[in-house]
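Quick note: residue numbers are just sequence positions, from 1.
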Amino acid sequence: MTTTTVEELISRSNRLGADKRNTNFAGGNTSAKGTEKDPVTGQDVELLWVKGSGGDLGTLKAENLAVLRLDRLQALKDVYPGVEREDEMVAAFDYCLHGKGGAAPSIDTAMHGLVDAAHVDHLHPDSGIAIATAVDGEALTSKVFGSKVVWVPWRRPGFQLGLDIAAIKEANPQAIGTILGGHGITAWGATSEEAEANSLWIIDQAETYIKENGKSEPFGAKLPGYGALPEAERKAKAAALAPVIRGLASTDKPQLGHFSDDGVVLEFLASEEHPRLGSLGTSCPDHFLRTKVKPLVLDLPADASIEDSVTRLKELHAAYREDYQAYYDRHADENSPALRGADPAIVLIPGVGMFSFGKDKQTARVAGEFYINAINVMRGAEAISTYAPIEESEKFRIEYWALEEAKLARMPKPKSHATRIALVTGAASGIGKAIATRLASDGACVVIADLNLENAQKVAEELGGSDVAIGVQADVTDEAQIAAAIQEAVLAFGGLDLVVNNAGLSISKPLLETTEKDWDLQHNVMAKGSFLVSKAAAKVMIEQGLGGDIIYISSKNSVFAGPNNIAYSATKADQAHQVRLLAAELGEYGVRVNGINPDGVVRGSGIFAGGWGAKRAAVYGVDEQELGKYYAQRTLLKREVLPEHVANAASVLTSNELSHTTGLHIPVDAGVAAAFLR
């Protein structure tokens, strides 16, 4: 029975969580009750399987379930100290676990364990929350659902809410679920199929009622000048504003960003009621924990200039921080956690879209998705009534909940490059791919820029997909393509912190055989290309005000005079001096510029595979397959240099470990005395 019960629960959860109309990412929870043999007594024991803390219904697996003994969980009613001390019950759940217990029990465990039903769903559908946040939500619940669904006045998630719902179910045997004031829905059933059907009936019924009875313009009339800009124009404006907005949103601590020009957002911002509704903030606890109590909304029309928009955004940001501090001061007491930061998580730009922020890309993206949920909730509530979220004091109680603070404290320490956004040129193979891979493993979001878009996108997918990396096509000799690549970067992740000038090629010829075309090609790709990329990246970094790193992958040949190598070595020397020049110029903005001088990186190298290896092997009179070993034997350490070794240097140079280092060239050549820097 156990296997069937858990399988049915997982299957139901995945179906419900796969549809955003049912619930948001990581929101809501599901459960099932059943029996299993006690490994000690051999007797049947009643158990509760419930989604654990932090899990997501759409991707829920068995290991994400908390497993508790039902008798012990229900016995907690006898020791419950009352609503003023209900947080203590979360720790008590640990004493109810069965076996190894599975995932950590969430705050909603009581709702599932105390309700007398074999299967329980708690969801956050936009349509259900629209009724839950309507000023006359209780009357609407009766009107929309009759006696099948019962209104539960707002109560913070916890043990008391579980007791309340259990009492309502017992008193209303005809009911299939509840509307939780300001929050969401709960439904139940004797079987998994019945619970799912009841959840979907509540959602469908609410959607149908809103559609058939709602006002045609719930957000009011259209505001002249606030409509959506044409796509190319709004993307360009978003990219121009993104670094400034990310810098503002990172005043207290660095944040990653996500941009959305979803039609839901653009329509909301084009309507006359958006300032009023935006200032009311969100209501569902899952919403405002991710989006903060309210967004920052630019109060300028869509055609406002970049300069005017930036000036106003800075003014509004200062006001937002003051307002948030006042909100904290109004409600905090001696037991409240410290203020976590006063910057907005959501920034709305009329005609352009929404920027959302978080500690990583997924958190930033999901925050934006939650605010779209909130807009849908406001639309539904305003269509049939008036939107009335929970009181500010209640929002504070949840945002600065001791349990939430404890959850944050359990989070693993951020990786060295967390919240950093890197762009690596020539990153679809060789040294560039190794550097991109290392930076991603260090916690950075990475833009894989390469001439070959397909290969760049393949590498990005290997690194973890769009929440970690994106692939873009970029010819570094083309200023327009560089601008387009950086636009994609800032729209994907919010800005840019770290650039690695790695794109390169080499043609090995003696002076008299080196053509003007050979010379121009190598100088265009490496010297000119690095200059163009650094120039475009520095502009973003300066606008962000967060500092940054620019790395040049130069070469041992930038200081070593080898045979048959005039064009390549000369352009590498150019790159090496760009490091010094830019370090001197960009230091005042906190931008560090450093170089890496590799040598003999044969394995995995696109340059060597493209003919350079054969020609260098011929110069030195060795077989091409033995070239790496040849290079190793001429070094002081007698070690072959691999792409990963260059990546190690890039990681260290751009970490906080060398935060006071700029203008440096690090040799990664296993020791070539003739290339020692003097």
All ring-ring contact (aromatic ring centres under 6.0 Å, His included) counterparts of Phe357, not counting sequence neighbours: none
Determine, stepwise, if the pair Thr363 / Asp360 fulfils side chain to side chain donor-acceptor pair (under 3.5 Å). CA-CA 5 Å; Thr363 304; Asp360 52 38; 2.6 Å; yes
ring-ring contact (aromatic ring centres under 6.0 Å, His included) partners of residues 367-394, not counting sequence neighbours, each pair once: His287-Phe370
Would you call Glu217 and Lys215 a side-chain contact if the rule is heavy atoms closer than 4.5 Å? no
Are side-chain heavy atoms of Arg321 and Asp343 found at a separation under 4.5 Å? yes
Nearest-0.5 Å distance, CG of residue Asp299 to OH of residue Tyr226: 6.5 Å
Ring centre gap for Tyr209 and Phe145 strictly below 6.0 Å: no
Who passes ring-ring contact (aromatic ring centres under 6.0 Å, His included) against Tyr327, sequence neighbours left out? Tyr324, His331, Phe396
Ignoring hydrogens and geometry, is there a side-chain-to-backbone donor-acceptor pair from Arg246 to Leu256 under 3.5 Å? no
Does NZ or CZ of Arg379 fall inside the cone over Phe219's six-membered ring, less than 6.0 Å from its centre and within 45° of the axis? no
Evaluate side-chain contact (heavy atoms from CB on, under 4.5 Å) for Leu313 paired with Ile349, printing each intermediate quantity in order. CA-CA 10 Å; Leu313 281 166; Ile349 311 295; 4.0 Å; yes
With Val120 as partner, the option from Thr30, Val115, Ile165, Asn29 fulfilling side-chain contact (heavy atoms from CB on, under 4.5 Å) is Val115
